[in-house]
Amino acid sequence: GFCGVMLPYVLLSAGCIASAILFIKPVPISGVSISSGLDSTRPLAVYGAGFLLCLLGVFKVLPPLCIAGITVIFLLFYDRKVLSEVDYSLLGTFFAFFIFVGNISKLDPVRELLSSALSDREALVSVLTSQVISNVPAALLLSGFSSQWRGLIIGCNLGGLGTLIASMASLISYKQVSREHPGQLRRYFLWFTISNVILLALLFLSYAVLEGII
């Protein structure tokens, strides 16, 4: 059901990405050296198994804390370097978001405000909330105040576009650019924001059309 709800937007997003690749003028680059560091298939198999382990958590076959414990213990013996390279500050930021969401959702004024705001506007409120606290915390926050899951799913997915904070993936990309190309950070942020706002507007317009709102 989830995949069926999102399929039209996935296809439209794929079309937008393909159009960008085909019609935006490419800029040649030079002096880039890339090394995969994968000299055997063993690491690929090991981390592929780790990915499958995470999926068992998503589908509630194993508890998340159990998976986290297995992962940490395994990495301590197999690849300790990975643990030292984790961006703990970014994880801490989102951990704080989740605590914040859990706390404010228990405040009566906030509960009343969200309950009234979400009435028949689940997708729009989800998109707007995602711009401020990111789309995953927004999904956790708003899901407790509405049973209209279709609008919440679409809104929180589309809400990953827009501001830099709307998606954890966007923050990761921004930190990567700041580390590798600090001189181009302002230009990257400008074009990132323009592109995201345009795509968000296009996808939300398609939502309004598909749902018969306009």
Side-chain angles (χ1 to χ4, degrees), residues 2 5-6 9-10 12-14 16-17 20 24 54 57-58 64 68 82-83 85-107 109-119 121-146 148-208:
F2 176 89
V5 167
M6 290 308 302
Y9 308 99
V10 171
L12 180 57
S13 298
C16 291
I17 293 172
I24 294 178
C54 290
V58 172
V82 170
L83 292 174
E85 294 177 344
V86 172
D87 192 338
Y88 292 103
S89 63
L90 187 62
L91 287 178
T93 299
F94 273 82
F95 187 70
F97 270 144
F98 291 128
I99 294 176
F100 171 74
V101 164
N103 287 335
I104 66 169
S105 64
K106 295 178 181 179
L107 298 175
V110 174
R111 296 178 66 89
E112 293 173 6
L113 174 64
L114 290 177
S115 297
S116 60
L118 280 169
S119 180
R121 294 183 292 268
E122 284 79 11
L124 177 60
V125 174
S126 297
V127 168
L128 295 177
T129 306
S130 297
Q131 306 309 302
V132 181
I133 64 172
S134 189
N135 60 344
V136 175
L140 293 174
L141 172 64
L142 300 177
S143 62
F145 299 96
S146 176
Q148 300 300 316
W149 59 270
R150 182 182 180 88
L152 290 174
I153 288 174
I154 295 173
C156 288
N157 271 281
L158 301 188
L161 292 165
T163 64
L164 186 66
I165 204 173
S167 169
M168 186 175 185
S170 299
L171 284 175
I172 292 172
S173 69
Y174 183 79
K175 292 201 72 172
Q176 187 72 18
V177 172
S178 68
R179 187 182 301 117
E180 302 293 335
H181 308 283
Q184 299 185 36
L185 202 55
R186 184 176 298 179
R187 184 170 183 268
Y188 172 83
F189 178 76
L190 174 65
W191 283 107
F192 172 91
T193 304
I194 291 173
S195 301
N196 270 259
V197 169
I198 291 173
L199 289 171
L200 176 58
L202 179 61
L203 287 168
F204 194 79
L205 178 62
S206 70
Y207 159 77

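No hydrogens, no waters, no symmetry mates; every other heavy atom, side chains included, goes into these values. Quantities reported herein were computed from a predicted structural model and do not represent experimental measurements. Along the sequence shown, residues are numbered consecutively beginning with 1.
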Practice task
Could you pull out the closest heavy-atom pair between Ser126 and Gly151, with the gap in Å?
Solution key: OG-O, 4.3 Å

Practice task
Report yes if the side chains of Met168 and Val136 come closer than 4.5 Å at any heavy-atom pair, otherwise no.
Solution key: no

Practice task
Keeping the roles fixed (side chain from Ser143, backbone from Leu140), state whether a donor-acceptor pair exists under 3.5 Å.
Solution key: yes

Practice task
Hey, could you give me each pair passing side chain to side chain donor-acceptor pair (under 3.5 Å) that has a residue in residues 185-203? Not counting sequence neighbours.
Solution key: Ser173-Tyr188

Practice task
Apply side chain to side chain contact (heavy atoms under 4.5 Å, CB included) to Ile172 and Asp87, showing your working.
Solution key: CA-CA 9 Å; Ile172 292 172; Asp87 192 338; over 6 Å; no

Problem - Set of side-chain contact (heavy atoms from CB on, under 4.5 Å) partners for Phe95, sequence neighbours left out - result: Ile99

Problem - Val125 to Ala117 - nearest heavy-atom pair and separation - result: CG2-O, 3.4 Å

Problem - Trace of the side chain to side chain contact (heavy atoms under 4.5 Å, CB included) decision for Leu83 with Tyr88 - result: CA-CA 10 Å; Leu83 292 174; Tyr88 292 103; 4.1 Å; yes

Exercise for the section: Please test Asn157 against Val5 for side chain to side chain contact (heavy atoms under 4.5 Å, CB included), starting from the C-alpha separation and ending with a verdict. Expected result: CA-CA 11 Å; Asn157 271 281; Val5 167; over 6 Å; no

Exercise for the section: Would you confirm whether Ser119, through its side chain, and Ser115, through its main-chain N or O, come within 3.5 Å as a donor-acceptor pair? Expected result: no

Handout entry: Ile165/Val132 under side chain to side chain contact (heavy atoms under 4.5 Å, CB included): CA gap, chis, key distance, verdict
Key = CA-CA 7 Å; Ile165 204 173; Val132 181; 5.8 Å; no

Exercise for the section: Decide if the gap between the ring center of Phe189 and the ring center of Phe192 is smaller than 6.0 angstrom. Expected result: no

Exercise for the section: Write down the atom of Gly160, the atom of Ser167, and the distance for their closest heavy-atom approach. Expected result: O-CB, 3.4 Å

Practice task
Grab the two heavy atoms, one from Ser130 and one from Ala138, that are nearest each other, plus how far apart they are.
Solution key: OG-CB, 3.6 Å

Handout entry: Listed partners of Gln184 passing side-chain contact (heavy atoms from CB on, under 4.5 Å), at least two apart
Key = His181

Problem - Which residues share a salt bridge (charged side-chain N to carboxylate O under 4.0 Å, His left out) with Glu180, sequence neighbours left out - result: none

Problem - Minimal non-hydrogen separation, Gln131 against Gly159, with atom names - result: NE2-O, 3.1 Å

Exercise for the section: Sequence neighbours left out, what passes salt bridge (charged side-chain N to carboxylate O under 4.0 Å, His left out) with Arg150? Give chain and number order. Expected result: Glu211

Exercise for the section: Could you pull out all residues at least two apart from Phe145 that satisfy ring pair (Phe, Tyr, Trp, His ring centres under 6.0 Å)? Expected result: none

